[in-house]
Structure formats: C-alpha cells, structure tokens
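One structure below.
By convention in this document, chain letters (A, B, ...) are assigned in the order of the sequence lines, proteins followed by strands, and residues within each chain are numbered from 1.
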Amino acid sequence: MPEILRIKQLSAGYGPLRVLHEIDFTVSEGERIGLVGLNGHGKTTLIRAITHMTGWQQGSIKLDGEEIGGTRSLGAGRRTAALVKKGIAVAPQGDAIFPGLSVRKHLECGAHTKLAWRNRRRRIDEILQIFPPLRSLQHNLVGKLSGGERRMVSVGRMLMSDARLYLIDEPSLGLAPKISQRVMDALWALPVTGAMIIAEQNVSLLSGRADRILGMHAGRMRGDIGHVELN
Amino acid sequence: MTVKTYYKVRRRPWEYKLSPDGKVARNRLRLPFTRRHFLKWRDAYNPKSLKRERRLADKKPLWWTIGLLAFVVVTPFLSNSMISIAAIFCIYASINLLWTLIVGTAGIFSLATLAIVGVSGYAAAASNVFLGLPWPFILLVGPMVGFVAGSILAAPSTRLDGLYYALLTMGVAEICRVFVTQLRSLTQTNGAITQVDSFIPEDWFLQRPGLLLGFAGAFCLLLGSLLLWRLINSERLGLLLRTAKTGREDEAFAEAVGIDFRRARLTVFVLSSSALGLVGGFYAMYFKSISPNIFSLDQLLLLFAMMVIGGLGRAEGAVVGAAIVTLIDKGFIEIGPLRIILVAAIMLVVTIFAREGLTGVRDQFRDFRKRKSGERRAQRTEKGGEAMPEEAVEVHDK
Amino acid sequence: MFKQSRRLFLRSSAAMGVALSVASAAAALEPIVIGIPAAQSGPVGVADHQDWTNGAMMAIEELNANGGVLGRPLEAKIIDLDMLSPEGNVAGFQSLIEAGAHAIASAFTIIPQPAMDTAAPSGIPYVHGNTSTVNVDLYKGDPHKYRNVFQLDVAEKWYGSGFVRFMSDLKASGQWKPKNNKVHIVQGQISYTQLISQATQEAVAQTDGEWEVVSITDIQFPVQDWAPVIRALQETDAGAIMIDHWVAAELAAFAQQYAYDPVPGALVYLQYGPSQPEFLDLAAGAGEGMVWGTVYGVYADESGTAFREKYKDKYPGTMGMVYTGGGYDAVNILADAWESVGDPSNFDAVGDYIRNIEYRGINGFYKIDPETNSGISYPNMVDDPEAGQAHLFFQVQDDEHRIIAPSPFAETDFRLAPWM
Amino acid sequence: MDLGLIIYALNLASIYALMAIGISILWSSVGMINMAHGATFATSGYAAWFVSGALKPAIAATFGKTVMASVMMASVVMLSAVLAGAFCGAVIYALAFLPIHDKPNYSVRSLIITLALNIGVVQSLLWYFGPRNRGLPKVFGFGRWELLDTKIRYDQAGTIVGASLVMILTLAWLRYSRRGLEVRAMMQNAEGAAYSGISRQATALPVLMLTGALAGVAAALLSQTIFVSPTAGVIPLVKGLTIALLGGLGSVSGAVAAAILIGFLEAIVGVIPFLGQRYVMFATFSFIILVLIFRPRGIGGLLDNTRE
C-alpha cells in the first residue's frame with residue numbers, strides 16, 4: 001500500500017509554547033484511522049498543524065511523498081487553502097460554516113477543483129443521497145439549521161472535491177448521541193479514495209470500524225493502541 | 001561520544017544596580033493618601049556574591065523625568081516660533097494622553113475627543129465673551145461642560161460595538177461643526193469666538209514673556225494629564241480595567257466575577273472628558289480664540305496620526321507621536337504640502353513594520369529575539385526543546 | 001556687523017565664477033525678505049493664494065531685474081499657511097517674522113485675529129487682501145496696536161451695495177429691462193457670504209421698492225448638486241439672481257446646470273468666484289452671459305492690459321482676475337515704501353509711508369482710509385474714478401471676462417445672456 | 001414630493017450606494033475598513049481627466065464630430081476611471097493587506113495604513129496637479145428630457161441608470177460566479193473558507209480591485225455633476241462609510257437600502273423651508289446616530305446574515 005501521509009518529528013505550538021511533541025506516524029492508502037485522546041491533549045492541534053492553521057516549528061509532513069511546507073510553518077492559515085487544493089480535505093471542529101449561504105451553495109464552495117466545479121450538480125445530488133435529512137433542506141440557509149444538520153453540511157462540503165486525505169475533527173462533539181451515531185454511520189459508509197483520519201473523544205464510536213486507532217496523550221503520540229478501551 | 005556545548009544564560013549584565021546596606025530596613029516613599037510608591041524598587045540577593053542588590057524594575061519614570069526636565073529647561077532658550085510649537089505640542093500631547101486613556105484604558109473607541117475639547121472650549125469662551133465671566137472661570141466652565149458632554153457621549157458606548165461607536169462619535173463631531181458654523185451670532189468671525197480673556201496679559205500676548213507664560217501653562221497642562229494618566233492607570237480603576245484587557249470573553253468573565261466593568265469604563269471616560277474640557281478652556285485662552293476647525297476631520301486625523309506613530313494605548317506613545325507630528329506639521333511649514341505627505345509616509349512605514357508604534361519597537365524586538373532564541377534552543381536540544389517558562393511569552397498569533 | 005560681512009564674503013566668493021555686473025553687485029547685498037503665507041495644502045483658498053503668489057513673484061522678479069530696491073535684491077519667503085485654525089495662523093506668521101521678513105504680503109486668511117495678533121507686536125508691515133469687516137472692527141478696537149496691518153482692499157460689505165447700484169444703473173441705462181423687481185439671493189454659510197447677503201438686503205431695502213428681496217435660499221459648502229437650488233430659482237422666477245458663494249468650481253457646476261434650466265430673462269450675478277482661473281475652463285461655455293464682480297480686480301486699461309499680457313506669458317492658461325494683480329501691487333507698494341524710507345527694518349516708518357500712500361496700481365488707486373486702515377472703493381465710497389479701487393463688474397462674453405461696469409473702466413457693453 | 005425630487009434623491013443615492021457597497025464588501029470579506037476609498041475616488045477622477053485629455057485629439061482626428069466620437073470619449077472616461085480604481089485597489093492590497101494580513105492587530109493597522117494612504121495621496125494630487133478643479137468630458141452629453149412635466153438632466157438619468165447597472169452587475173457577480181461565491185464564503189467565515197480551498201490572499205486582490213473599480217465608476221459619474229479635485233473624495237468617503245455602517249457594515253443589501261434612505265432624507269430635508277440645504281449634513285448625521293442608538297447594528301441585520 002502506498003503511503004499517503006508521513007509525519008516525522010513534528011513539534012507544533014503557539015510561539016515558543018509547545019503543544020505537540022515529536023509526532024511520528026504514517027497513513028497508507030485506503031486506511032481509516034481513529035485518533036483518540038482526551039480534551040486538550042493535542043488532537044485538534046495536530047489536525048490544525050497538518051493544515052497549517054497552527055504554526056509548527058520542527059519536523060516534516062509529507063503528502064504522497066511530497067514535502068508540504070518545509071520544516072516550519074507560520075500557521076495563521078496562510079497556506080491552508082493551497083494545501084486543501086493539494087488534496088487535504090478538512091471538516092474542522094465546530095463546523096466552519098457559512099451561515100448566509102443555502103445548503104446547495106454551501107456545498108458548491110467545497111468544489112474547488114476544476115473537475116469538481118464542472119460536476120458540482122451531480123456531486124451535490126450524491127451528497128444529498130448520503131445525508132438524506134439535507135434533501136428537503138437544500139434551499140434553506142445553513143445558519144438556520146440544527147447542529148446535526150450543520151455537521152452534515154460541513155462533512156458534505158468536505159466531500160465535494162476528491163482528496164487524498166480526509167481530516168474530520170470530532171464529528172460527534174455537541175451532538176445528541178442518536179444524531180452523532182447517525183453522522184458516524186454515514187462517515188464510515190463513505191466511499192472514500194485515499195485515507196481518512198477521524199479525531200474523536202468517544203472511542204466507542206470508533207472501535208470496530210477504524211482500521212487503526214492512534215492515541216494522543218499530553219501532546220505525544222501513543223502509537224497504535226488497537227481496539228483496547230482507552231481511559 | 002558527543003561533546004556538549006553549554007550556553008551561558010545571561011541576566012542583564014549591563015544593568016546598573018545599587019548595593020544598599022543590608023542591615024537597614026527599606027524606607028520607601030508613598031504617594032500621599034495611597035498605598036502606591038513612586039518608583040518600583042526591587043531588592044534581591046545576588047546568588048554569587050550574596051550581597052543585597054537593589055534595582056529599579058520600572059525605569060520609565062526615570063526617563064519621563066529626564067525627558068520632561070530637558071524639555072522644560074531647553075524651551076525658554078528657543079525662538080518664539082519654537083516656543084509656540086512647544087506649547088502646541090503640550091496641548092496636543094495632553095489631548096492625546098486623555099484620548100489614550102479613553103481608547104486604551106477604558107477601551108471605548110471614541111472619535112469625539114476633539115469634539116469634547118471644542119464644545120467645552122466654545123462654552124468656556126462664550127461664558128467669558130458673552131456673559132463676561134472673568135478668565136479664571138474658564139478653567140471651571142471647561143471641565144464642567146466636558147463632564148456633561150462626556151456623560152452624554154458615554155451613554156451609548158455600552159450599547160454599541162467599537163466601530164459603530166467610533167462612527168457615532170465622528171457624527172457628533174460633524175454635528176458640532178455644522179452647528180457652530182450655522183450660528184448666526186458667530187457669522188461675523190466664521191464661527192470662531194475671538195478676543196477671549198486669557199491668563200496671558202493682553203500686552204504680552206504672542207510676545208516673549210507672554211509666550212513663556214503660555215508655554216508654562218501648557219506644560220502644567222501636560223503634567224496634569226500625565227498625573228491623571230498615572231492615577232487612573234495605577235489605582236483601583238486601572239487595575240479593574242486591566243482584568244479585562246484582551247477581549248469580549250474577558251469582559252464577560254470580569255462581569256461574572258463581580259467587577260463592574262462598565263461602570264469603571266464610564267468613570268474613566270467621564271474623568272477624561274472633564275480633563276479634555278479643561279484642555280478646551282485652556283486652548284481658547286491660549287489662542288484667545290477658538291475656531292470650528294477644532295471639529296474638523298483633518299484635525300482629528302492629525303491627532304490620530306500622532307497616536308498611531310507613537311503607539312496606540314501608551315502614554316509615551318501619545319507624547320512622542322505628538323512631538324514628531326507637531327514638529328513636522330508646524331515646524332516645516334516651508335516645505336508646503338510635502339510635510340503632510342511626510343507624516344503620511346511615516347505613519348505608513350511605522351504601521352507596516354511596527355505593531356504598536358515607535359514606542360513599541362523595543363518590546364517587539366525583544367519578543368522577536370526571545371522567539372528566535374527559543375527556536376534555536378529547540379533546535380539544538382535533543383528533546384524537542386521545551387520552552388523555559390519565562391520565555392513562554394504571549395505571542396500574538398492569529 | 002561681523003555676521004553680515006561674513007555672509008557678504010560667502011556670497012561674493014560664491015559669485016566668483018560669474019562675471020561681475022550691476023545685478024550681481026546687488027545680489028551681494030543682504031536681500032529684503034517678503035514673507036508670503038500661502039495656503040498650499042488646505043481644503044480652501046489654495047487657488048487664490050496661488051494667484052497672489054504668482055503676482056507677487058512677478059513683481060519681485062521685475063524689481064530684481066531692475067537692480068532691486070535700495071540696491072538690495074528682493075527675496076520671497078513662502079510658507080504653507082493653515083489658515084483655518086488659530087494655531088496654524090500663529091505658527092505661519094511667527095515663522096515668517098523669525099525668518100527675518102521685512103514685510104508680510106498675504107492674500108487672505110479665514111480667521112484674521114490670530115494672524116493680526118501675531119504680526120502686530122513686532123510692528124511688521126502686514127499688507128493683505130482679506131476683504132473682511134472683522135479686520136476693520138479689530139483695527140478700530142486698537143488702532144495703535146494694529147497700525148501696520150493694512151487691508152489693501154475694502155471690507156466685503158461693499159459687494160452688497162455695489163451690486164444693487166449696478167442693477168439700478170444697468171436698468172437706468174436701458175441695456176437691461178428687468179422683467180420684475182424681484183431679487184433672489186442664494187447664500188453660502190461663511191461670514192464673507194453672509195455679510196454680503198446682509199449688506200445686499202439692506203441696500204435693497206433702501207431702494208424704496210425699486211428692488212425687493214423675495215427669497216433667500218441657503219446652501220452649504222460643498223454643494224454636490226445644484227438641482228434643488230435651480231428648482232427654487234424656477235419657483236421664485238425673480239428678475240435678478242444673486243449667487244452669493246465663493247468657490248469657483250461650484251459656481252461653474254451651477255453655470256452648467258443652470259444652462260439646462262435657466263430662469264428666462266433673469267440677470268445672474270455670481271458674486272466673486274468666477275475670478276478664479278478655473279471657472280471658465282470648467283464651465284466650458286456654460287458661463288456665457290453671467291455677471292460677476294469684485295472690489296479688487298485687475299483693470300483692463302493700459303497698465304492692466306500690459307500686466308495681463310505679461311502674466312499670461314509667464315503663467316500660460318486662464319488668468320485669475322483678482323489676487324494676481326493684488327499680489328503684484330502689494331509688492332510694488334512695499335518696494336515704493338522701502339525705496340523712500342531707505343531702511344526696510346524701520347517698520348514704523350514703512351508703515352507710516354503706506355498709511356499715506358497714493359499709488360496707482362493695476363487693481364486701481366490705493367489710498368488708505370484712516371478710519372479702517374483699508375482701501376477705498378469706487379463708486380461705493382468716492383465719486384472720482386481715480387480715487388479708489390473700482391468695484392468692477394465683469395460679464396462672460398465669448399468665453400472671456402469683459403468689464404462692463406463701472407463705465408470709466410468698462411471694456412464693452414452689457415450683452416443679453418442667451419436665456420434673456 | 002414630485003418626480004424631480006425623486007430623481008434628485010435617486011441620483012444622490014446611486015453615488016452613495018456605489019461607495020458604500022465597496023466599503024461594505026471589503027470589510028466583510030477582507031476585514032479592512034478602507035479609508036483610502038476617498039483617495040481611490042480622487043485618483044480615478046484624475047486618471048479619467050488625464051487619459052481623456054490625452055486621447056481627445058486622437059479621437060477627434062479619427063471620428064470627427066460624430067456620435068461615435070462621443071461614445072468613444074465616454075468609454076475612454078469610464079474605462080480609465082475603472083482601471084485607475086482597480087489599480088488603486090491593487091496598491092492598497094500590496095501595502096495594507098499583504099504585509100500584515102496575518103499579523104497582530106490587522107484590522108486596526110490596515111485602517112491606519114489606508115488612512116495614511118488617503119492623506120498621502122490627496123496631498124500628492126494637490127501637490128502634483130495643483131488646486132484647480134478639472135472637468136471631465138460629458139459622458140452623457142448636455143441636455144435634458146421632459147418627462148411628465150419634470151426635467152431630467154442627461155447626467156442625472158445616466159448616473160442613476162449607470163450606477164444601478166454597475167450595482168446589479170456586481171451583485172450578480174457575487175451571487176452567480178464562482179469567484180463571487182468564494183468572496184461571499186469569505187465574507188461569512190474566513191477560516192471555513194480556507195478549509196474550502198479559498199485562499200484569503202488570492203481572493204483579497206480581486207475584491208480590492210473590484211471595490212476600487214466601483215469607486216472609479218462613482219468618481220466618473222459624480223464628476224458629471226461636479227468636478228475632479230484632490231479633495232473630491234472626502235465627502236463620498238465620509239458618506240460611504242456612514243452609509244455602510246448604517247446599513248450594518250458588511251451587508252450589501254443593507255448598504256443599498258441605507259443609501260436610498262439617506263438619498264431621500266437629504267433631498268427632503270433640502271426642500272423643507274425652515275431647514276434647507278444648510279441642515280442637510282446635520283440631519284443626516286442626527287438620523288444615523290438615532291438609528292444606531294435604537295438599532296446598534298444598523299439596518300442590515302433586518303435583511304440578511306452578516307459576519308459577526
């Protein structure tokens with residue numbers, strides 16, 4: 001299996017303050033990886049560092065064998081858009097949504113490649129298939145939707161363009177158990193090429209479905225912890 | 001086996017330290033009626049020599065004293081026009097200090113500063129010219145009107161967001177200007193009130209002794225503004241406000257733990273407004289006249305340029321900026337419009353490169369140096385380079 | 001003494017390479033400095049001040065070409081005056097006095113008191129064209145203190161009575177038959193325009209019904225669109241319209257819009273603004289037939305025409321009709337005074353000379369009225385055409401300013417405007 | 001209230017709206033209060049004057065006094081103003097956005113830089129071109145129509161129609177084009193936009209150029225009624241800013257509504273006998289202050305969702 005993402009010795013943080021310490025891991029084609037850890041132990045920072053939202057000072061990140069961003073990054077989202085275009089699709093924590101756009105328009109925003117833009121109508125229909133509740137809401141403003149629906153829109157937007165790597169940050173956060181279960185079910189059922197990383201606090205939503213589960217603790221990677229209960 | 005290199009951690013070897021007698025208890029001066037001290041002396045034992053050392057932790061008061069003393073000593077020997085410029089500088093610097101109190105300490109983005117100066121100046125001048133009050137009352141009427149104007153203006157500040165409030169105050173200034181120029185009784189003089197009585201005797205006006213007297217007055221005004229700045233920022237009020245310096249969440253937090261944040265802000269606003277009223281009265285007396293130009297946008301922008309060049313929110317920024325811009329604007333009138341372009345260019349360059357104006361350059365450079373040394377340390381240590389706590393400074397990252 | 005001789009040495013050594021001539025001998029002496037405070041960066045008055053500076057520079061160059069004054073060259077010291085604020089006026093005048101100016105020649109300032117107060121203590125001769133009553137009042141308040149502050153022209157209030165006199169004369173001469181006796185005044189908000197409006201209303205009231213002010217419309221600088229004003233003019237349908245505003249560009253905009261929608265048969269009087277060079281360029285033909293006036297304008301007689309030609313040679317394009325001549329005359333008057341007093345540093349002697357001056361310049365005859373320390377206006381104050389500065393009335397004819405009144409100085413007759 | 005007054009009000013409103021939506025779009029997408037909008041206005045006016053003056057002989061030589069000549073002249077004026085406005089936008093991008101957009105205090109610092117640019121450009125224009133006003137060639141020609149007993153000047157009609165057309169085009173571009181979608185996404189959530197592959201640096205340039213071009217159009221249109229001068233941009237800037245704020249900074253439809261409101265307010269105050277023209281500014285600002293006191297976020301919140 002070819003490698004999609006290889007992270008070596010990544011240390012990231014805010015200024016001199018380190019949050020992540022020497023993260024090392026690789027993701028191969030077709031893998032679905034769960035990233036578990038308690039609140040504040042670096043899951044979100046890791047995802048933000050990969051997308052250059054948070055600066056990192058040391059290490060290397062390779063996407064498909066190609067170095068992205070050199071050995072350090074200023075963060076601040078300066079290169080995020082460029083990375084997204086290179087094939088990293090992100091559904092960030094807390095739904096980066098556009099409240100004034102309709103669901104359809106919102107999904108269109110995700111079609112950033114030429115191909116996706118040309119096929120955007122068909123794609124949107126496909127995504128509406130994946131998330132049936134959105135079908136009746138497709139002309140409503142996203143700002144007026146409920147939390148679960150917003151999360152679906154956010155994930156749907158992520159899926160609009162083909163990417164090599166999908167990063168999903170805490171899809172169940174703040175949702176009622178039933179709805180979060182439904183979102184997770186849809187996520188695991190996605191027909192995804194490339195690889196996917198789902199960060200999650202609730203390990204029960206991952207176990208049994210993820211190919212691997214990686215643990216994060218105090219800003220360090222705990223390695224593959226398999227399917228053990230984590231507490 | 002690798003050879004380890006040790007880096008020396010330096011601790012300000014250049015700093016001058018006093019070595020007091022270790023047996024005598026420390027005797028410190030206090031500001032009257034307060035628990036505050038004039039200077040921030042810090043005692044420590046030198047770990048090597050085990051001697052008691054005393055250093056001044058905050059050297060700003062020292063620099064202030066030296067700077068102001070030099071200024072007041074040198075000015076009387078200058079030419080007439082330079083003395084005038086010095087006096088104008090004092091007036092502008094006072095206005096800017098008080099404005100800084102409003103914008104920086106109280107966190108209310110008001111653009112009505114000059115409007116308050118103008119309204120109180122007009123009221124004070126009118127009380128003298130039309131009601132015949134003798135000149136000492138100008139210094140009473142000014143602050144009173146400033147107090148009222150400040151109270152009225154302060155009311156919407158809690159309701160409106162920064163930018164909207166800024167615009168509202170700009171509108172107030174414009175309304176004042178239009179109103180004054182419309183006043184039929186002032187038509188003769190284009191809306192200006194002239195021939196205001198002054199603390200400068202009529203015969204001395206704009207001549208050597210009068211200029212010096214005027215300068216002395218303006219300098220006292222500047223000292224007064226500095227004192228007010230110091231009192232507000234070091235007293236309870238300033239401490240209260242500093243608990244919620246950084247943003248909305250902090251504000252909510254401060255409110256939640258029982259700090260009446262709004263009240264503190266409004267108090268600072270009204271206090272500064274009263275002081276601005278005094279400046280307005282002084283302005284009318286100093287020039288014996290006051291014109292609607294004080295409400296104009298150009299004048300406001302000039303003052304804003306001063307604060308920006310010096311550094312928004314800092315006392316020294318307000319004064320240094322006022323010095324630079326006043327000197328260019330009033331001192332270089334021979335080069336015509338070029339001088340305004342020069343001011344704009346300085347403003348542009350300072351803002352692009354310095355995040356907090358000229359007086360913030362030192363801090364910015366230190367932050368930069370700290371970050372760099374932190375990064376270097378991270379690179380040469382094997383274990384990822386944990387930052388030392390003292391280096392973990394707040395770096396404004398987006 | 002030492003300083004002077006050192007400077008002399010420096011100057012002469014600098015001039016070593018140049019062949020010695022009379023002119024360079026004059027240049028070797030300490031120059032006489034004329035301070036010119038001119039607004040260059042402010043929002044108003046920049047064009048007028050430019051005119052004044054141009055006129056003054058022309059006079060200085062001419063005088064220097066003729067060997068200077070008292071054998072000394074003249075030198076202009078020009079500073080950028082912020083004439084709207086007290087501190088700006090004070091700073092400007094102080095710096096001129098300190099730079100060693102021997103006199104100050106200024107077009108005008110908006111708030112005269114700080115400027116006068118700065119100039120007065122030093123006793124420096126300060127000649128200007130403020131055209132303002134405030135000056136006169138200040139002078140009357142303390143004639144000794146302001147003794148050397150001379151307003152070369154007259155206070156603005158004469159514009160009012162002068163205009164009414166002009167209308168009556170024009171009517172009497174039969175060149176214009178007004179369709180009714182109504183006068184419609186459109187007034188700006190600054191003291192200048194307000195005082196002119198008041199004076200006009202008073203003068204109209206004294207005509208016993210020959211004229212009647214029926215409507216007054218207020219405008220506010222800057223006027224973005226004259227449509228509401230033109231509507232008001234249409235509604236009033238007066239026989240004479242006075243646009244009492246001073247910004248040339250806005251008057252040109254008025255002319256353009258008025259050309260679409262004229263009030264038939266009305267005489268349109270634009271007060272002073274069209275004197276500025278830009279009016280004709282901007283109106284682009286729409287100003288045809290409009291009348292304007294000035295109490296301080298360049299004559300079209302022999303000397304005036306010669307001056308106009310010289311000026312146009314030096315500064316091509318449309319010429320300003322007021323302050324060009326004003327600046328030129330002011331410098332010549334100062335030169336006269338210095339020539340006969342002999343010592344430019346003796347301010348009071350120079351002031352005394354100007355107080356008693358009788359000088360015929362290109363803007364008319366200069367004589368200082370001791371009551372007001374300012375000029376005398378013909379025919380408003382005196383009946384002799386050569387005893388004061390004529391209150392000139394111009395009409396735009398064939399895209400040029402032509403003087404149509406008062407009769408001794410008229411170039412041509414009044415012509416009916418296209419809409420009359 | 002008759003038709004003439006309505007035309008006058010609409011004329012004012014269309015110029016104000018052109019300025020205000022530029023300021024509004026810029027604030028909500030790039031997060032910048034553009035104080036250099038007035039300088040852009042003045043510069044565009046001068047560019048149109050300069051280019052049309054330079055090309056006048058060539059056009060006269062090629063087309064003579066035909067209709068084609070005036071059409072050419074009109075397009076030269078509009079085009080040069082628009083291009084100059086867009087160029088100013090690019091300069092603002094290079095000075096006030098690129099160096100600091102990811103640095104601390106960006107919003108305040110960009111405001112200050114644009115303010116400095118405004119002061120500097122206005123004084124440079126005054127210094128270089130002198131204080132004299134300049135007249136642009138009449139894009140819509142001289143003359144007027146009589147419609148329902150009301151006289152409508154060509155330039156009034158042209159301004160209203162032209163400005164509306166430009167605004168409709170702008171709004172359509174925002175609504176239907178891909179770039180427009182990106183801009184709208186950025187207006188609503190900058191970080192989310194970055195995650196959608198919309199780069200702030202890449203989008204800010206066209207936005208700044210577009211708003212600059214809008215100011216250029218406004219300059220060319222307003223200069224049909226008044227003239228080009230260095231300080232010509234001051235009033236449009238102040239009016240544009242206040243109207244953008246009244247419209248609830250960041251809301252395009254709010255800005256248009258506010259512009260129409262203020263246009264009519266000014267027209268009506270101007271004809272009320274005891275108020276008249278001299279109280280127009282007074283009334284405008286009082287009205288805006290009143291609205292802000294009762295609706296602290298302007299009137300835009302009524303119309304759509306804006307960026308917080």
Side-chain angles (χ1 to χ4, degrees), chain B residues 78-85 87-89 91-92 121 178 181-184 186-196 202-208 210-211 214 283-284 286-294 296-299 302 326 329-341, chain C residues 35 37-44 46 77-99 109-122 132-134 137-138 141-142 145 157 187-195 197-198 218 220-221:
Chain B
L78 298 175
S79 67
N80 281 356
S81 65
M82 285 312 282
I83 294 176
S84 292
I85 292 174
I88 296 172
F89 153 72
I91 295 175
Y92 282 170
V178 175
T181 40
Q182 296 313 322
L183 275 180
R184 286 286 182 252
L186 295 180
T187 294
Q188 276 270 338
T189 49
N190 273 324
I193 297 182
T194 52
Q195 293 172 318
V196 183
E202 185 74 28
D203 300 338
W204 284 7
F205 187 55
L206 289 175
Q207 291 165 72
R208 196 72 185 185
L211 281 173
Y283 178 96
Y286 181 83
F287 292 108
K288 291 196 180 227
S289 62
I290 184 163
S291 79
N293 195 49
I294 196 147
S296 80
L297 195 63
D298 289 347
Q299 195 75 19
L302 199 70
T326 315
D329 183 48
K330 297 282 185 279
F332 293 178
I333 40 181
E334 281 163 51
I335 61 172
L338 264 181
R339 72 184 196 280
I340 314 269
I341 300 175
Chain C
Q40 296 163 42
S41 59
V44 288
V46 181
K77 181 146 187 72
I78 304 169
I79 56 114
D80 182 15
L81 178 72
D82 166 17
M83 60 176 177
L84 292 171
S85 69
E87 62 263 40
N89 280 299
V90 169
F93 278 71
Q94 260 180 348
S95 78
L96 282 179
I97 293 167
E98 260 161 37
T109 173
I110 299 281
I111 40 171
Q113 192 217 346
M116 285 170 70
D117 277 347
T118 316
S122 65
S132 127
T133 311
V134 181
D137 292 347
L138 275 169
D142 193 344
K145 180 177 172 193
K157 62 177 180 181
Q187 60 178 9
Q189 300 305 316
I190 65 167
S191 93
Y192 177 78
T193 48
Q194 287 286 320
L195 289 174
S197 169
Q198 281 167 23
D218 279 302
Q220 168 88 54
F221 171 83

*Check whether C:L84 gets within reach of chain B through its side chain, its backbone, both or neither, counting any heavy atom under 4.5 Å.*
both
*To the nearest 0.5 Å, what is the distance between CG (C:D142) and CD (B:E202)?*
7.5 Å
*Identify the two heavy atoms, one from B:S84 and one from C:Q94, that lie closest to each other, and give their separation to 0.1 Å.*
OG-OE1, 2.5 Å
*asked:* Whether C:D117 and B:K288 form a salt bridge (side-chain N of Lys/Arg under 4.0 Å from carboxylate O of Asp/Glu) is what I want to check.
replied: no
*Report the option among C:P86, C:P37, C:S85, C:P121 that has the most heavy-atom pairs separated by less than 4.5 Å from atoms of chain B.*
C:P86
*Report the distance from atom CD1 of B:I193 to atom CD of C:Q113, rounding to the nearest 0.5 Å.*
11.5 Å
_Contact origin within B:F332 toward chain C - heavy atom pairs under 4.5 Å_ = neither
_Is B:I85 close to chain C through its backbone or its side chain, or both, or neither, when contacts mean heavy atoms under 4.5 Å?_
neither
_Going by side-chain hydrogen bond (donor to acceptor under 3.5 Å, both in side chains), name the residues that satisfy it together with B:S289, two or more places apart in sequence or in a different chain._
none
*Taking the side chain from C:S95 and the backbone from B:G331, do they hold a donor-acceptor pair closer than 3.5 Å?*
no
*Let me know if B:E334 has heavy atoms under 4.5 Å from chain C in its side chain, its backbone, both or neither.*
both
*Which region of C:L138, side chain (C-beta onward) or backbone (N, CA, C, O), has a non-hydrogen atom less than 4.5 Å from a non-hydrogen atom of chain B, or is it both or neither?*
side chain
_Could you check whether any side-chain N or O of C:E98 sits under 3.5 Å from a backbone N or O of B:N80, counting only pairs where one atom can act as donor and the other as acceptor?_
yes
*Taking only residues two or more places apart in sequence or in another chain, which ones pass side chain to side chain contact (heavy atoms under 4.5 Å, CB included) with B:L338?*
B:I335, B:I341, D:W127
*List the atom of C:I111, the atom of B:S291, and the distance in Å for their closest heavy-atom pair.*
CD1-CB, 3.9 Å
*Calculate, to the nearest 0.5 Å, the distance between atoms CD1 and CG belonging to B:I340 and C:D82 respectively.*
8.0 Å
*Check whether B:Q299 gets within reach of chain C through its side chain, its backbone, both or neither, counting any heavy atom under 4.5 Å.*
side chain
*Interchain contact, C:N89 with chain B, by part (heavy-atom threshold 4.5 Å)*: neither
*Which bit of C:E87 is near chain B, if near means a heavy-atom gap under 4.5 Å: side chain, backbone, both or neither?*
both
